[in-house]
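Quick note: numbers below take in every heavy atom, side chains included, and nothing from hydrogens, waters or symmetry partners.
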Amino acid sequence: MMRSRHALACLLAAVTLAPSAAHAQTPGVAAIQASEARNADTRTLAALESFRAALIARFGADPSLAMLRWSETEGSALVVKPGGGLEFVIRQGSEWKSTDARKPDLRAPAAVAETHAFKLSSVKAAPIRAWVDAWRKAPGQATDFVSDYAMGYDPAAGRVVVRTTVGSMTSGKLSQPAFDPGNGSAVALAAAPRPVPSSARAGDARPPR
């Protein structure tokens with residue numbers, strides 16, 4: 001978790017500085033940034049395939065997963081064991097890492113995520129590329145940096161989706177768009193209910209006069 005927070009902090013710092021530099025940015029600079037963003041996409045997909053091979057070597061040909069997360073530098077998964085139960089694993093480079101101080105990136109309780117487990121073989125590169133291509137074709141998004149991907153059941157969508165963390169070099173903002181792992185199409189997420197102010201709740205509890 002600490003590594004993920006550090007990476008997110010670095011990404012946030014980078015995109016926060018982006019708008020101040022945008023006024024001085026030339027078309028050539030933007031082209032270089034867009035090229036590097038594409039190169040990062042390629043490296044992240046290569047990291048996914050490397051992590052896939054490691055999972056297969058450790059858990060068998062096609063393990064069931066309650067969660068899968070990957071970036072250029074790290075992969076993590078919540079594996080559904082054949083005999084029952086879940087095993088959380090983390091891999092950085094060619095090494096498995098301790099999970100003692102880490103928790104899986106889940107949008108739902110582990111038991112719920114387990115009932116919506118998916119096969120590793122369902123994680124395909126083509127839909128990921130399709131989503132990235134569509135995202136980068138939108139105005140102002142060619143230079144965006146996609147720091148990581150997390151696949152699993154999301155109550156906001158009511159199904160298994162892939163959520164990404166994207167830093168915009170144009171607006172300096174972070175977003176977490178989601179897409180369908182089967183075809184790469186964008187998925188709309190339900191907005192979280194707005195909390196009721198405590199004063200309003202207290203007022204509702206007052207008996208009528």
Side-chain angles (χ1 to χ4, degrees), residues 1-8 41-132 146-166 175-193:
M1 196 63 155
M2 292 178 63
R3 186 183 181 91
S4 298
R5 287 177 179 172
H6 176 70
L8 188 59
D41 295 338
T42 299
R43 292 193 298 268
T44 302
L45 274 176
L48 169 62
E49 294 309 315
S50 177
F51 187 41
R52 184 198 304 275
L55 287 171
I56 290 173
R58 179 166 175 169
F59 295 102
D62 197 12
S64 293
L65 309 175
M67 181 281 296
L68 177 69
R69 182 173 184 170
W70 69 94
S71 68
E72 273 192 63
T73 58
E74 181 180 280
S76 60
L78 190 60
V79 182
V80 181
K81 296 189 291 186
L86 300 168
E87 182 176 353
F88 181 42
V89 296
I90 298 172
R91 191 174 179 86
Q92 295 172 5
S94 60
E95 298 181 355
W96 295 103
K97 296 296 183 178
S98 170
T99 60
D100 289 347
R102 302 281 297 274
K103 293 181 179 180
D105 183 18
L106 297 173
R107 298 283 172 176
V112 175
E114 183 178 2
T115 63
H116 294 85
F118 53 91
K119 289 291 188 179
L120 177 60
S121 60
S122 69
V123 185
K124 300 182 182 300
I128 300 170
R129 290 195 188 97
W131 176 81
V132 171
V146 185
S147 65
D148 61 60
Y149 298 77
M151 182 170 168
Y153 178 74
D154 195 326
R159 59 192 174 105
V160 172
V161 300
V162 179
R163 274 218 198 199
T164 64
T165 302
V166 180
S175 61
Q176 288 193 313
F179 64 88
D180 187 323
N183 56 27
S185 61
V187 173
L189 301 175

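Remark: Q176 pairs with R107, T165 by the side chain to side chain donor-acceptor pair (under 3.5 Å) rule, at least two apart or across chains. Under the side-chain contact (heavy atoms from CB on, under 4.5 Å) criterion, A113 pairs with A66, L106, sequence neighbours left out.
The nearest pair of heavy atoms linking A108 to P155 is CB-CG, 3.9 Å. Residues R52 and L120 come closest through the heavy atom pair NH1-O, 3.1 Å. Here the shortest heavy-atom pairing between A47 and E72 reads CB-O, 3.7 Å. Nearest approach of A61 to I56, heavy atoms of both residues: O-CG1, 3.5 Å. Closest non-hydrogen pair, F179 versus V187, comes out as C-CG2, 3.6 Å. Shortest non-hydrogen contact noted between W131 and P177 is CZ2-CG, 3.7 Å.
With rounding to the nearest 0.5 Å, the separation of OG1 in T42 from CZ in R129 is 8.0 Å. To the nearest 0.5 Å, atoms OG (S64) and CZ (F59) are separated by 11.5 Å. For the atom pair L78 CG and F88 CZ, the distance stands at 7.5 Å (nearest 0.5 Å). Rounded to the nearest 0.5 angstrom, L55 CG and L65 CG are separated by 6.5 Å.
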Report task. For L86 and V79, run side chain to side chain contact (heavy atoms under 4.5 Å, CB included): C-alpha distance rounded to whole Å, both residues' side-chain angles, the deciding distance at 0.1 Å, then the answer. Result -> CA-CA 5 Å; L86 300 168; V79 182; over 6 Å; no
Requested in this report: Determine, stepwise, if the pair I128 / V162 fulfils side chain to side chain contact (heavy atoms under 4.5 Å, CB included).
Outcome: CA-CA 9 Å; I128 300 170; V162 179; 5.9 Å; no
Query - Stepwise side chain to side chain contact (heavy atoms under 4.5 Å, CB included) test for R159 and D180 - result: CA-CA 9 Å; R159 59 192 174 105; D180 187 323; 3.1 Å; yes
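Residues L68 and L48 have side chains in contact (heavy-atom distance under 4.5 Å, counting atoms from C-beta outward). Proximity of P127 to N183: side-chain heavy atoms (C-beta onward) are nowhere separated by under 4.5 Å. A 4.5 Å side-chain heavy-atom check between S76 and M67 finds at least one atom pair inside the cut-off.
Sorted by first then second residue, the side chain to side chain donor-acceptor pair (under 3.5 Å) pairs that include residues 79-91, not counting sequence neighbours, are R58-E87.
Remark: side-chain polar atoms of D62 are not paired, donor with acceptor, to backbone N or O of K119 under 3.5 angstrom.
Using bins of under 30°, 30° to 60° and over 60° for the plane-to-plane angle, the ring pair W70/Y149 lands in the parallel bin.
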